[in-house]
A.B. asks: 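Have a look at this one.
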Amino acid sequence: MYSLNTQQKRLQEKARRLATEVISPRAKQHDIDQEYPWDNVKDLSDMGFMGMTIPKEYGGQGLNYLDTVIVVEEIAKACGVTGRIVVEGNMGAISTVMKYGNDKQKKMAAKYVLKGDKPAICITEPNAGSAATQMTTRADKKGDKYILNGIKHWITGGGVSKFHLIFARVFDENGEELGIGSFIAISGEQGLTVGKREPTMGLRSIPETEIIIQDMELSADRLIQPPKGLARGFAGLMNAYNSQRVGAGTVALGIAQGAYDLALDYIQEREQFSRPICEFQGLQWMLVDMSIKLEASRALIYKAAGNAGTGFPDIIEAAQAKIYASESSIQVTSDALQMFGAKGYSRDNPLERMYRDVRMFTIGGGTAQILRTVTASQLLKRKLPQTRNGYQTH
Ligand code: FAD
Ligand code: COA
């Protein structure tokens, strides 16, 4: 188990103060307005929480993933959307570029993120969600350029993010497929448009949109070269993506911890049958089970983040952390709402928003089912029929 050092405790305290004093009071209105929380983004940037993981030579602080999840949890306790912005400002696309990109690409990504831009990671397509390897977005080499075409869907930050990392099948000039790669694209560049915005159940102040890529010409140096080449490109990119999965699990944990904290106070204040409702064993046992789920989630998250070192979180540890944290957080948040009785069901109570927000995390970033399959495939050291067209024995 990882214990926090003095520097990490200070970081946690700094994030906690911002979350409770500034972000929490704004959360309800952002949810109602369904508009991107630019005010929070400015505060996150001013406090140095965007681009924390960017190495010092590129203007960041060179912090690690454990430092990052500490901050994410605190921010997500107050606002799930803002927690997600911290994740994407430090994990996922930005760390892919910082680890795999060349100097020019790193400088470009750092410039955007350090100013508060939350990169958009564009993997999913209308017909390729869990089956991400079946994506059809393509990049065709033409001289010193690539021409990109395709439609991405459910892209977090569509229309507000400037920096995009677009996953595509890469073809050489003879039409031969080389593998799956990722390209840097910037909003406003010709060929990239934002399509339909999804009316989401929760996390409403961040847009989820289609990204339509039509004859988009990108210079060849926008292609990120994964370490083992394009033929192993998907594996390399998903390896980097494990960081974002740990981040997503942390947002779920943060929301659930926030819900638990509210319920803990409430059950000691609310009286029925002439005594505080916390005196009823039915709620005491519920409370204890909630606390165990939170601690277990945190332990898995800290393990996955802490073991990453200077690389990415391990595939199994990241999946275990996200599966457990996402599923148990839904339960914890639901139980916290239950403890409020009818009050929990009112839209005047933050629990209602938290419950809608936390529901997402068994879906986005790889569903709980797919992550179990990914983990089983690793544990059994074999390809599994669930993700192939037909049964394969090797
Ligand atoms: P499907 O793949 O159609 O799955 C439907 C159901 O079938 C699920 O329950 C799934 O678990 C199950 N299923 C599918 N295959 C199997 C199998 N082999 N074994 C067992 N069960 C299976 N994508 C991005 O690229 N970028 C983003 O920024 C992004 N943000 C998102 C934000 C939100 C709020 C949401 C909800 C999604 C986001 N996504 C994003 C998309 C997300 O990654 C996909 O929704 C996810 O990968 C699942 O794909 P799908 O929705 O097409 O579901
Ligand atoms: N970390 C490291 N490597 C990974 C990985 C991960 N998280 N996920 C897959 N890989 C590797 C595999 O080990 C495999 O490498 P190998 O060829 O050496 O065995 C390679 O990538 C291809 O994966 P494979 O499992 O063979 O592909 P598939 O087509 O059977 O299954 C899924 C595809 C399920 C792994 C993948 O598409 C997936 O993760 N889907 C969820 C999509 C998602 O998370 N989207 C989020 C968008 S925000």
Side-chain angles (χ1 to χ4, degrees), residues 80-81 84-85 87-88 91-93 96 118-135 137 150-158 160-161 164-168 179-180 182 197-211 226-228 231-248 251-252 304 308 311-323 326-327 356-390 392 394:
V81 163
R84 292 185 74 205
I85 294 170
V87 170
E88 298 207 45
M91 301 165 132
T96 307
K118 178 213 83 66
I121 190 158
C122 309
I123 306 173
T124 306
E125 300 178 357
N127 294 319
S130 298
T133 41
Q134 290 179 359
M135 67 179 68
T137 295
I151 296 180
K152 296 293 180 180
H153 198 189
W154 283 98
I155 303 307
T156 303
V160 296
S161 294
H164 293 67
L165 192 63
I166 300 176
F167 284 46
I180 291 178
S182 64
R197 178 174 176 172
E198 291 294 338
T200 54
M201 172 180 174
L203 300 163
R204 288 184 179 169
S205 59
I206 197 161
E208 303 294 341
T209 75
E210 282 180 332
I211 294 288
K228 291 184 184 162
R232 302 276 311 130
F234 181 76
L237 291 167
M238 291 316 279
N239 192 37
Y241 191 73
N242 290 328
S243 63
Q244 184 143 331
R245 286 185 173 156
V246 175
V251 180
F312 292 109
D314 172 70
I315 179 171
I316 297 180
E317 291 180 2
Q320 287 172 333
K322 182 167 182 283
I323 293 167
S326 62
E327 291 182 343
R356 282 187 283 107
D357 287 355
V358 82
R359 187 61 190 83
M360 193 282 279
F361 295 91
T362 55
I363 304 171
T367 68
Q369 292 72 41
I370 279 297
L371 293 185
R372 282 186 168 84
T373 298
V374 165
T375 308
S377 169
Q378 294 293 316
L379 295 175
L380 297 166
K381 296 191 180 14
R382 64 171 73 192
K383 301 274 183 192
L384 299 174
Q386 292 96 313
T387 55
R388 339 248 111 211
N389 183 9
Q392 289 187 13
H394 64 276

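These numbers come from a predicted model, not from an experiment. Atoms considered below: every heavy atom in the structure, side chains included; atoms not considered: hydrogens, waters and symmetry mates. Each residue takes its place number in the sequence, starting with 1. Atoms within a ligand are numbered from 1 in the order they appear, just like the ligands themselves.
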A.B. asks: Is the shortest N/O to N/O distance between S130 and ligand 2 below 3.5 Å?
C.D. replies: yes
A.B. asks: Only heavy atoms of N242, strictly under 4.0 Å: list the atoms of ligand 2 that pass.
C.D. replies: 1 (N), 2 (C), 6 (C), 7 (N)
A.B. asks: Quick one: look up the protein heavy atom nearest atom 26 (N) of ligand 1 and list residue, atom name and how far away it is.
C.D. replies: I121 O, 2.8 Å
A.B. asks: Consider ligand 2: state whether an atom of it lies below 4.0 angstrom from any non-hydrogen atom of R232.
C.D. replies: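 Contact check R232 vs ligand 2: positive.
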A.B. asks: Check each atom of ligand 1 against the heavy atoms of Q386 and keep those under 4.0 Å away; list them by number with element.
C.D. replies: 18 (N)
A.B. asks: Quick check on contacts: which atoms of ligand 2 are under 4.0 angstrom from a heavy atom of F234?
C.D. replies: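 Near F234, the atoms of ligand 2 are 21 (O), 22 (C), 36 (C), 37 (O).
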A.B. asks: List ligand 2 atoms under 4.0 Å from G365, heavy atoms only on the residue side.
C.D. replies: 44 (O), 46 (C)
A.B. asks: Is there a donor-acceptor contact under 3.5 Å linking the side chains of T375 and Q320?
C.D. replies: no
A.B. asks: Just let me know how K118 lines up against ligand 1, side chain, backbone, both or neither, with a heavy-atom cut-off below 4.0 Å.
C.D. replies: neither
A.B. asks: Hey, is Q378 one of the residues with a heavy atom under 4.0 angstrom from ligand 2?
C.D. replies: yes
A.B. asks: Under 4.0 Å, heavy atoms only, figure out whether ligand 1 is touched by the backbone of E208, its side chain, both or neither.
C.D. replies: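 Side chain only; the backbone of E208 stays clear of ligand 1.
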A.B. asks: Please report whether atom 30 (N) of ligand 1 has a protein non-hydrogen atom at a separation of less than 4.0 Å.
C.D. replies: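 Yes, at least one protein heavy atom sits under 4.0 Å from atom 30 (N) of ligand 1.
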